[in-house]
Amino acid sequence: MNFPVNRPRRLRRTETLRKLVQETRLHPADFIYPVFVSELVTKPEPIKSMPGVSNLPVSSVSAAAREAHQLGIQCVLLFGTPSKKDATGSESLKKDGVIQRAVHEIKSAVPDILVATDVCLCEYTDHGHCGIVRNNDVDNDVTLDVLSRQALSHAEAGADIVAPSDMMDGRVGAIREALDANGFEQTAIMSYSAKYCSAFYGPFREAVGSAPKFGDRKTYQMDPPNAREALREIEMDLVEGADIVMVKPALAYLDIIRQARDCFDVTLAAYNVSGEYAMVKQAAASGIAEEKRLTLEILTSIKRAGADIIITYHALDAAKWLQEQ
Ligand code: PBG
């Protein structure tokens, strides 16, 4: 049957009809809101390349979490900048480290919001790599021990979810083992399973000062042309005990999100990263596009591709816009 019997425009006639047949719906509970906590600031310091996002001192994190929670967002993801960096990222393991204190603050002030923590070394190492460097190379197996201890320390501080973003092989299994051996079998792991070596991380690296001082991340993060490899990474993480798997970045990798959705019946997150956010802000500032429509269209595309959870710096704005609709 075809035209004129079939007329797809019939269901596009009014706003109400369009809403009735809408296939993908965004909700504030879809979002995880990333929060930058820094020991280098005493008051919120705007991040230049990410308008609307600031580095916060520990004393400001619970206010940020409360604002997110009041907008219907269920989870924040914490990134930390320590005052001191060294070769092994030892600051990341301290009981009174920046993340550990921030987790404690949020959990005491806003107990109902979930706290996820980024588990990685790049923010804490003086060379900026995501692991321990030996002979000019990031040593995979030596790094697993530090990552496990860091994840455990976040769990001890009260994190609900630990999120390893380093891309070492075997880190999910090592972290699961460390958590279980210490009574944290209920702490969930959200793994950055398919994390690509992307040019879209620029603003983030500026925000936390984590750009590698030599070389790049190509020996551990994934090569952008590869799709099958992403499925293998995800499968390995699931076998090692990941509870939530992630594809990152989101926009240039919507096909990977879709394939992951079709291959695995697990909760899938996608990270709408800093460079994607910055591009929207710049486009809006220069009048190329309307920020609200552009943002909601992008977030909808990530959900339509198959993501259950979207990690996004737009979370607060998007939650407000969704409440208005
Ligand atoms: C590494 C980490 C990165 C991001 C999250 N965790 C940067 C990197 O791999 O260099 C990027 C997030 C973003 O760009 O928004 N710990």
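Each ligand, and each atom within it, is numbered from 1 in the order the structure gives.
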Close approach, [X] and ligand 1, non-hydrogen under 4.0 angstrom:
X: Cys122; value: yes
X: Glu123; value: yes
X: Tyr277; value: no

Item to complete: Find out whether the Lys NZ or Arg CZ of Lys248 is both under 6.0 angstrom from the six-membered ring centre of Tyr201 and within 45° of the ring's axis.
Response: yes

Q.
Is a donor from one side chain sitting under 3.5 angstrom from an acceptor on the other, for Ser92 and Gln150?
A. yes

| task | Indicate yes or no: does an N/O atom of Ser274 lie under 3.5 Å from an N/O atom of ligand 1? | result | yes

To check your reading of the model: name the closest protein heavy atom to [atom], its residue, and the distance in Å.
atom: atom 2 (C) of ligand 1; value: Lys195 NZ, 3.2 Å
atom: atom 4 (C) of ligand 1; value: Lys248 NZ, 2.6 Å
atom: atom 16 (N) of ligand 1; value: Ser165 OG, 3.0 Å
atom: atom 15 (O) of ligand 1; value: Tyr313 OH, 2.5 Å

Please table the atom pairs, donor to acceptor, closer than 3.5 Å between any side-chain atom in residues 34-46 and protein atoms at least two apart or in another chain.
unit_1	atom_1	unit_2	atom_2	d
Ser38	OG	Leu40	N	2.9
Glu39	OE1	Ser83	N	2.8
Glu39	OE1	Ser83	OG	3.1
Glu39	OE2	Arg101	NH2	3.0
Lys43	NZ	Glu45	OE2	3.1

So the atoms of ligand 1 within less than 4.0 Å of a heavy atom of Arg205 turn out to be 8 (C), 9 (O), 10 (O)

Just distance, no hydrogens or angles: give the donor-acceptor pairs under 3.5 Å from side chains in residues 177-184, sequence neighbours left out.
unit_1	atom_1	unit_2	atom_2	d
Asp180	OD1	Arg176	NE	3.1
Asp180	OD1	Arg176	NH2	3.0
Asn182	ND2	Ala178	O	2.8

